[in-house]
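Each chain gets a letter, A, B and so on, in the order the sequences are listed, and its residues count up from 1.
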There are 2 protein chains.
Amino acid sequence: MTTPGRGLHGHVLETLGPAITAGEYPPGSVLRTDELAQRFDVSRSVMREAVRVLESMHLVESRRRVGVTVRPRSEWNVYDPQVIRWRLAGADRPQQLRSLTVLRSAIEPVAARLAAKHATADQCAELTECALGMVAHSKGHQLEGYLLHDVAFHRVILNASGNEMFARLGDVVAEVLAGRTHHDVMFEDPDPAAVTLHVQVAEAVRAGDAARAEHLTKEITEGALQELDILAP
Amino acid sequence: MTTPGRGLHGHVLETLGPAITAGEYPPGSVLRTDELAQRFDVSRSVMREAVRVLESMHLVESRRRVGVTVRPRSEWNVYDPQVIRWRLAGADRPQQLRSLTVLRSAIEPVAARLAAKHATADQCAELTECALGMVAHSKGHQLEGYLLHDVAFHRVILNASGNEMFARLGDVVAEVLAGRTHHDVMFEDPDPAAVTLHVQVAEAVRAGDAARAEHLTKEITEGALQELDILAP
DNA sequence: GACTCTTGAATTTGTCGTACTTAATGGGTT
DNA sequence: AACCCATTAAGTACGACAAATTCAAGAGTC
């Protein structure tokens, strides 16, 4: 899942990026390219390329005679998958999971509604397959198998919505679901009600019942919100 | 609003980025760094930095002995503000506006709901101020003034939601609203019903009526969808 | 004496060119 | 078919100079 930092420039990013997003360098902090190059034992060229990437993520700003200044969090490109990964690996992982779960609660119901209208026969078949897979792994501590089908299910929904912006959130949803399974809430079998809801969503999409697909998905995401003690919208 | 491409590296990006997102180089196309450097009359270092940025946006992939290959659209970081800007300036502007408007229709109602719960007194005041500004500019072809307050209104909502992911969509919403005013649909005064809805949203948020704020905002975004002939969710 | 404006030096990024290294590809040989 | 090697384009390093902006010192004025 993690990108193994191709090349020296990638290695530098995999160290500097998490450090910055973790708040190790507070907003306004000034870094110097030469010093960083020395610290990481790379050439200035490599460090400059790394800084350029951080700049394109709006994590830092590079100005002459000043150096590389860290920008405030409010300006970061928080939708950049790499930034999301770094933040999920760092100190504000809980905060990040909350933000993303709220995002899910807004996106997925609408995506399900659109999926009910646009899904192909193949996608419908895949959807029911995933739902059945979830049922099959819902008892007896088969969390990994369950997660696999759960992630696949939500990916299909997002893709079937026909909206590219929704489709690109597949990785985010996967990360949130994986995070929940591996670190946080789930120690036992998943909630049977949630499993049922997924099956019903698959049915609704297959039947082309947009309103029902949206409503059921909303119930799923509200469940996710409650798990994190977020007031249900 | 537009970033003026700071430095040579920025200038290269402002040319190459739009070209790639416009599909001028179809997925799988291979570019060579040296050739590009020659074409843009910059050093290889500068071109390499530009390529690194394009790579961080998942627009291209750089591999040894092969070159810089253009990735398929499905892998692009479509939430990157720069990518959004490039695509809005290019050929698939209509498609992009549709995607973003659908995204709005998912996000903004939930954001309004959260804003009703989290908005500070200052934010409530600003919100009513924006709504009143919209009313004041709703007659007599004052489209620019209307747009200004409209954008500000939606920014306040997104910020007041307290969710950083929502807040970062302020620029996107601004771009969509501006696009609608300047290029596409609006030649006359804005729909009076829409103006009224904004005023009512401001009231609902002030009153802390989350459900009402959500519902009213949903009506606003559904109106935006209908303007683009998208089936209302 | 306090203040402002100008000037210039110091500093850090920006750009360039070159040389060398590394890895993947494709073809030729065994 | 398996292996080896030459080719190729990116990856890395280093050194030099250009450009811009900050900061302070100094001149001039009120």
> Crowded around A/Glu35 CD? As in, over 12 foreign heavy atoms under 6.0 Å?
Replying inline: yes
>> Expressed as a whole number of angstroms, how long is the span from A/Asp34:CG to C/dG14:C1'?
In response: 12 Å
>> Using heavy-atom distances to pick each residue's nearest nucleotide on DNA chain D, tell me which of A/Leu8 and A/Val66 is more 5'.
In response: A/Leu8
>> Under a 3.5 Å threshold, yes or no: a donor from one side chain and an acceptor from the other, between B/Asn77 and A/Arg168?
In response: yes
> Do A/His198 and A/His154 have ring centres separated by under 6.0 Å?
Replying inline: yes
>> Regarding B/Glu14 and B/His9, do their side chains bring together a donor and an acceptor under 3.5 Å, going by distance alone?
In response: no
>> Around atom CD of A/Gln38, are there more than 12 heavy atoms from other residues, nucleotides or ligands closer than 6.0 Å?
In response: no
>> Could you walk me through whether B/Arg155 and B/Glu126 satisfy the salt bridge (charged side-chain N to carboxylate O under 4.0 Å, His left out) test, starting with their C-alpha distance in whole Å, then the side-chain angles of each, then the deciding distance to 0.1 Å, before giving a yes or no?
In response: CA-CA 11 Å; B/Arg155 273 191 200 279; B/Glu126 206 175 341; over 6 Å; no
> Listed by chain and number, what are the side-chain contact (heavy atoms from CB on, under 4.5 Å) partners of B/Ala119, not counting sequence neighbours?
Replying inline: B/Gln123, B/Cys124, B/Ala160, B/Val205
>> Heavy atoms within less than 4.0 Å of DNA chain D: which residues of residues 56-65 of chain A have one? Give them sorted by number.
In response: A/Arg63, A/Arg64, A/Arg65
> Residues from residues 38-53 of chain B sitting under 4.0 Å of DNA chain C, heavy atoms only?
Replying inline: B/Val42, B/Ser43, B/Arg44, B/Ser45, B/Val46
> Do the side chains of A/Val102 and B/Ser161 get nearer than 4.5 Å, heavy atoms only?
Replying inline: no
